[in-house]
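The analysis underlying the following values was restricted to heavy atoms, covering all of them including side chains, and did not include hydrogens, waters or symmetry mates.
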Amino acid sequence: QVQLAESGGGLVQEGDSLRLSCATSGFDFSDYVMGWFRQAVGKDREFVAALSWRGGTIYYSDSVKGRFTVSRDNDKATTYLQMNNVKHEDAAVYYCAANHFGEWGGDNVYWGKGTLVSVSS
């Protein structure tokens, strides 16, 4: 059974740092592109970051570039999202996702249930 479990969310102040984790099981983690997405209240889910099978290719949305760092540990089947200098607009539910080729719009994507990040001023 495929499982993706995000953790590490919580309430932080603007300017703080936070590290999200996504532990996975039930599929060959090293064969999947891993992504992070977020959905704020009243908004559509949006792409945050993704990295390739061995982490050699990394993508970030413009809104988080320079502040967030995505990484993965294939031995632990876990991906991470280090969030630095958190801003109020980063408040959202954060989801991790897995797809063989980083194609996030179709049905062949595994999704976690999300972890909530709240930001206070």
### Query
Does anything in residues 64-92 pair up under ring-ring contact (aromatic ring centres under 6.0 Å, His included), and if so which pairs, sequence neighbours excluded?
none
### Query
Quick one: CE on Met83 to CZ on Arg19, what's the gap to the nearest 0.5 Å?
13.0 Å
### Query
Does Arg72 use its side chain to pair, donor to acceptor, with the backbone of Ser52 at less than 3.5 Å?
yes
### Message
What's the separation between atom CG in Leu18 and atom CD in Gln82, rounded to the nearest 0.5 Å?
### Response
8.0 Å
### Message
Give me each pair satisfying disulfide (SG to SG under 2.5 Å) with a member in residues 37-66, each pair once, sequence neighbours excluded.
### Response
none
### Query
With distance as the sole criterion, is a donor-acceptor pair present between the side chains of Thr78 and Asp73 under 3.5 Å?
no
#### Entry: Nearest heavy-atom neighbours spanning Ala40 and Ala91
CB-O, 3.6 Å
### Query
For the atom pair CG (Leu11) and OG (Ser120), what is the distance rounded to the nearest 0.5 Å?
5.0 Å
## Note on the structure
Note: Ser17 and Asn84 closest approach over all heavy atoms is OG-OD1, 3.0 Å
### Query
Do the side chains of Leu51 and Thr57 get nearer than 4.5 Å, heavy atoms only?
no
### Task
Is it possible for you to say whether Val48 and Val33 belong to one hydrophobic cluster, with membership spreading through side-chain heavy-atom contacts below 4.5 Å?
no
### Message
Can you tell me how far apart CG (Leu4) and CD (Glu6) are? Round to the nearest 0.5 Å.
### Response
6.5 Å
### Task
Mind jotting down which residue pairs meet the side chain to side chain donor-acceptor pair (under 3.5 Å) criterion with at least one end in residues 90-119? Sequence neighbours excluded, please.
Tyr32-His100, Arg38-Asp90, Arg38-Tyr94, Arg67-Asp90
### Task
Scan residues 43-62 for pairs that pass ring-ring contact (aromatic ring centres under 6.0 Å, His included), counting only residues two or more places apart or in two chains.
Phe37-Phe47
### Query
When clusters are formed by joining ILVMFWY residues with side-chain heavy atoms under 4.5 Å apart, either directly or through shared neighbours, do Met34 and Phe101 land in the same one?
no
### Task
Using the disulfide (SG to SG under 2.5 Å) rule, collect all pairs that involve residues 35-88, keeping only residues at least two apart or in two chains.
none
Without placing hydrogens or testing angles, list every side-chain donor-acceptor pair under 3.5 Å for residues 20-30, not counting sequence neighbours.
unit_1: Thr24; atom_1: OG1; unit_2: Ala77; atom_2: O; d: 2.8
unit_1: Asp28; atom_1: OD1; unit_2: Ser30; atom_2: OG; d: 3.0

